[in-house]
Amino acid sequence: MKREACGSLRGKDAGRRVTLAGWVHRLRDLGGLTFVDLRDASGIVQLVFRDLPAARKLSREDVIRIQGSVARREAPNPDLPTGEVEVVVERLEVLSRSKPLPFPVDADEPRASEETRLRFRFLDLRREKMQRNLRLRHKVSLAIRNYLNGQGFIEVETPYLTRSTPEGARDFLVPARLEPGKFYALPQSPQLFKQTLVISGVERYFQIVRCFRDEDLRADRQPEFTQLDLEMGFLEDPDELFSVIEGLVAHIFREAIGVELDVPFPRIPYAEAMLRYGTDKPDLRFGMEIADLSDLFRDCDFRVFTGAVAEGGVVRALPVPGAAGKSRSELKKLEERAKGLSLGGLAWAKFTPEGVNSPIAKFTSEELLRKAAEEAGAGKGDLLLLAAGPAEAAAEALGTLRLELAHELGLIRENAWALAWITDFPLFKLDEEGRIASEHHPFTSPHPDDIPLLETEPLKVRARSYDLVIDGVEIASGSIRIHRRDLQERIFNLLGLSEQEARKKFGFLLRALEYGAPPHGGIAFGLDRLVMMLAGESSIREVIAFPKTASGTCLLTGAPAEVDPGQLAELPLEVKPD
RNA sequence: GGGGACGUGGUCUAGGCUGGACUAGGACACCGGAUUGUCACUCCGGAGAUCGCGGGUUCAAAUCCCGUCGUCCCCGCCA
């Protein structure tokens, strides 16, 4: 008789004889009567053993096969989809025994340390929560492939054994046996290949692809991680890409978690994001927008403010709703926190029904503080935090305080799903030595309006690059690429790269650009992070079947491990003793 | 590379500041017994730990100190 799915049985199946197989989820031995909850991938159903002593010898996670007949239950269990029925067992076959478990697999929240969970990952993944996460991830991948296929994209695989690139993260290296002394590198992303594919005539490319970066780990970073990588030919206007991606993301949310997103997503230029939220990845689930009050305080009597403005700095204000009741000691703590965030200090003003309460009122006048509150959107019962200093420092510090205070005050709505595009990033930044370097990568196209500024004011040049931010997390990043040699050369010049150096570093892509490259651009999603957010998890390890620890080891397999001396000899490679 | 937290039977943890009656307590799991309507079954009984490892202080260390290993979090790093 063919095996049926445990989770599929319903009242209408009563009377049928069935064969089931699965894991012993739970066991309730009442003597002459034993209940077993049998679990397979489809769900759980209750088995009843009457006068079958073998059932009493079962234990959790044994694998069994049974034959029996489905019966309606006198007392249905409303917590189980199969709760109307049970299967009265006639024949029991034990397929495989389980040792006692290191931790229960029938709990939604893990009842073991993460270390133990990873060592016994095959058991941890049996938990319903982990099964849900694996299925959610599958749904997301499927939704991506279905949607992009419908939009004319094709998935093309690119090499995992490739060339080391000089910039970016540290590469994982793979010794090449056939070319002793030479190495492949695992790709940090398929960036050069995807641009090449578009130049090759694949006008719409995507790939769900593993990427490798040998850098230190975090809760949201693994040495190998998955990107949804995507590139479009004849793309010159980011808006075209935005609408494709908005359709895709809306489709993913609908299919994976049944949420309807509003499209289009708001677009916020980088400079505005830095000003209003103090970060390039703003959390838009709550207000508390930062206001620039430099002009307002330019001529007041508070030297800290006027001094900052006179030196080219700013005065900015963060409204904190309902926080006018904060005590002196709490405000003192905030001040200390601000000093830890590279601010000289932090001024504050409370707006209570009785009036304005602020240590700086005597310098600035209450009138001015009232105007400040009005401009910053702070009302009665609110607190206004004021920071003065260089624009970057003030922005970053207030941005950090904005997030911390919103968490503390419980202002962040769960499941709010605030998506936004951040656009017009700067094309260049200064590196540690004060030299001009690419913010994104050297193939990013400058904003057409800013091309005349390239040589004169390079740091003011905006890029045609963009990030997609969800609830304050950067989830995707991309750009329109340079497709013309002359512009590319100008950029290399600015970066201080000679023709030869550029060829050495980016070789084949440069050659491809010389043979008729269409305008193109694309984007890459951090798939693990996206799935993590959709799953409501706070670590990507919860949505990766076999993740690595913070020190890059795999507790299941013991990787990385020493290898046989013979394997090294073949490469040939020698390990230096410490 | 730097900072922080944690490490106690199979698992999760109490104890740790203030060293001594800690003979290391509890829960779950496990083993034995009872149990015919349970669904986190219940009840009775039992076994199981040199407190991550190494060193030090002390009459005495799970407890204090140093080192080391492992796990987690953060900064640097991640074009």
Side-chain angles (χ1 to χ4, degrees), chain A residues 25-39 44-52 55-57 59-61 71 73-80 82-83 85-86 88 98-120 123-124 165-172 188-189 191-192 211-225 340-342 400 425 427-429 431-432 436-444 463 465 474 477-479 495 497 505-506 524 526 529 538-539 541 547-553 555 558:
Chain A
H25 189 64
R26 280 187 196 129
L27 202 62
R28 291 176 294 280
D29 175 17
L30 275 63
L33 182 70
T34 301
F35 296 97
V36 165
D37 291 336
L38 187 68
R39 184 190 77 241
I44 290 172
V45 69
Q46 174 167 285
L47 309 179
V48 194
F49 295 82
R50 267 190 249 276
D51 303 315
L52 263 178
R56 309 181 63 181
K57 292 268 192 288
S59 50
R60 284 169 175 233
E61 297 306 301
R73 284 163 69 158
E74 280 173 35
N77 182 348
D79 298 332
L80 230 48
T82 60
V85 296
E86 60 193 4
V88 183
S98 170
K99 286 170 65 169
L101 302 171
F103 53 85
V105 302
D106 60 349
D108 210 36
E109 287 313 309
R111 302 244 182 95
S113 66
E114 193 171 359
E115 196 174 342
T116 308
R117 292 174 57 206
L118 289 176
R119 264 193 306 128
F120 291 89
L123 291 179
D124 191 40
T165 50
E167 305 201 355
R170 196 177 292 112
D171 283 319
F172 280 101
Q188 297 175 24
S189 88
Q191 181 64 34
L192 300 185
C211 303
F212 306 85
R213 294 180 189 173
D214 189 5
E215 295 293 345
D216 288 2
L217 279 61
R218 288 284 191 286
D220 60 353
R221 277 181 2 210
Q222 285 270 303
E224 51 179 311
F225 61 99
L341 294 167
S342 68
T400 304
F425 281 79
L427 186 63
F428 299 118
K429 63 180 175 194
D431 67 13
E432 308 83 52
I436 286 188
S438 289
E439 176 76 38
H440 191 56
H441 59 64
F443 304 105
T444 304
S465 65
E474 181 201 316
S477 182
S479 66
L495 293 170
L497 268 181
K505 288 188 171 188
F506 307 111
R529 278 188 201 175
S538 48
S539 162
R541 293 188 298 272
K548 303 214 168 22
T549 67
S551 50
T553 64
L555 295 180

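Order of the sequence lines fixes the chain letters, A, B, ..., with proteins taken first and strands second; residue numbering starts at 1 for each chain.
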ask   = Within this structure, what is the CG-to-C1' distance between A:Leu27 and B:rC39, rounded to whole angstrom?
value = 12 Å
inquiry  = Return the pairing partner of B:rC43 with a 3.5 Å limit on both distances, Watson-Crick or G-U wobble; otherwise return none.
reply    = B:rG33
request  = Pick out which of A:His25, A:Arg39, A:Lys99 makes a side-chain hydrogen bond (donor to acceptor under 3.5 Å, both in side chains) with A:Glu61.
outcome  = A:Arg39
ask   = Under 4.0 Å between a side-chain N/O of A:Arg28 and OP1 or OP2 of B:rC41, yes or no?
value = yes
Quiz item: A:Arg50 side-chain donor-acceptor pair to B:rG37 base, under 3.5 Å = yes
message = By nearest atom, which of the nucleotides B:rC78, B:rC12, B:rG10 is closest to the A:Pro102 side chain?
response = B:rG10
ask   = Is a side-chain donor or acceptor of A:Glu215 paired with a backbone partner of A:Arg170 at a separation under 3.5 angstrom?
value = yes
remark   = Across every strand shown, the nucleotide meeting Watson-Crick or G-U wobble geometry with B:rC12 (both distances under 3.5 Å) is B:rG26
task = Indicate, yes or no, whether a donor-acceptor pair under 3.5 Å links the base of B:rG52 to the side chain of A:Glu115.
result = no
task = Looking at every strand, decide which applies to A:Glu61 at a 4.0 Å heavy-atom threshold: base, sugar-phosphate, or nothing.
result = nothing
query = Side-chain N or O of A:Arg119 less than 4.0 angstrom from OP1 or OP2 on B:rG10?
reply = no
key: Gap in Å between the two C1' atoms, one belonging to B:rU63 and one to B:rG52, rounded   = 16 Å
message = Looking at A:Arg60 and B:rC28, is any side-chain donor or acceptor paired with a base atom of the opposite kind under 3.5 Å?
response = no
key: Rounded P spacing from B:rC28 to B:rU68 in Å   = 40 Å
inquiry  = Suppose we define a pair by two distances each less than 3.5 Å, Watson-Crick or G-U wobble; what does B:rA49 pair with here?
reply    = none
A:Gln46 side-chain proximity, nearest of B:rC73, B:rU71, B:rU38 = B:rU38
ask   = For A:Val48 and A:Leu33, which heavy atoms make the closest approach, and how far apart are they?
value = CG1-CD1, 3.6 Å
request  = Name the closest nucleotide to the A:Leu30 side chain, picking from B:rC30, B:rG37, B:rC78.
outcome  = B:rG37
Distance between P atoms of B:rU23 and B:rA60 (Å, rounded) = 16 Å
task = Examine B:rC75: is either OP1 or OP2 under 4.0 Å from a nitrogen or oxygen in the side chain of A:Arg218? Give yes or no.
result = yes
query = At under 4.0 Å, does any side-chain N or O of A:Thr34 touch on OP1 or OP2 of B:rU38?
reply = no
query = Between the main-chain N or O of A:Asp216 and the side-chain N or O of A:Arg221, is there a donor-acceptor pair closer than 3.5 Å?
reply = yes
query = What does A:Glu74 touch in the nucleic acid at a heavy-atom separation under 4.0 angstrom: a base, only the sugar-phosphate, or nothing?
reply = nothing
query = Side-chain contact, heavy-atom cut-off 4.5 Å: A:Thr34 with A:Leu52?
reply = no
ask   = Ring of A:Phe35 versus six-membered ring of B:rU38: centres under 5.5 Å and planes under 30°?
value = yes
key: Strand partner of B:rC59, provided both Watson-Crick or wobble distances fall under 3.5 Å   = B:rG20
inquiry  = Looking at the base of B:rU35, is there any donor atom on it, or on the side chain of A:Arg56, that sits under 3.5 Å from an acceptor on the other one?
reply    = yes
query = Nearest to the side chain of A:Asp37, which nucleotide is it out of B:rC78, B:rC39, B:rU11?
reply = B:rC39
task = Determine the Euclidean distance between corresponding C1' atoms of B:rC72 and B:rG33; express it in Å to zero decimal places.
result = 43 Å
query = Can you find an N or O donor on one side and an acceptor on the other, under 3.5 Å apart, linking the side chain of A:Arg221 with the base of B:rC78?
reply = yes
ask   = When you compare B:rC69 with B:rG54, how far apart are their P atoms, in angstrom units rounded to a whole number?
value = 15 Å
query = CZ of A:Arg26 versus C1' of B:rU42: gap in Å, rounded?
reply = 15 Å
Span that lies between the P atom of B:rC65 and that of B:rU58, in whole angstrom = 16 Å
request  = Go ahead and name the base partner of B:rU71; Watson-Crick or wobble counts if both distances stay under 3.5 Å, otherwise write none.
outcome  = B:rA5
task = Rounded off to whole Å, could you give me the NZ-to-P distance for the A:Lys57 and B:rC30 pair?
result = 14 Å
query = What integer number of Å spans the P atoms of B:rG7 and B:rC43?
reply = 31 Å
task = Please determine if a side-chain N or O atom of A:Thr549 lies less than 4.0 Å away from the OP1 or OP2 oxygen of B:rU71.
result = yes
query = Any side-chain N or O of A:Ser113 less than 4.0 Å from the OP1 or OP2 oxygen of B:rG70?
reply = no
request  = Any chance you could lay out the salt bridge (charged side-chain N to carboxylate O under 4.0 Å, His left out) test for A:Arg28 and A:Asp37, step after step, and finish with the verdict?
outcome  = CA-CA 9 Å; A:Arg28 291 176 294 280; A:Asp37 291 336; 3.0 Å; yes
task = Rounded to whole angstrom, note down the C1' distance from B:rG26 over to B:rC51.
result = 16 Å
query = Does A:Ser551 place a side-chain N or O at less than 4.0 Å from the phosphate oxygens OP1/OP2 of B:rU71?
reply = yes
inquiry  = Side chain of A:Pro100, heavy atoms from C-beta onward: which of B:rC78, B:rC12, B:rC30 has the nearest atom to it?
reply    = B:rC30
ask   = Would you say the side-chain atoms of A:Arg213 pair up with the backbone N or O of A:Gln188, donor to acceptor, closer than 3.5 Å?
value = yes
message = At less than 3.5 Å, do the side-chain atoms of A:Asp216 and the base atoms of B:rC77 form a donor-acceptor pair?
response = no
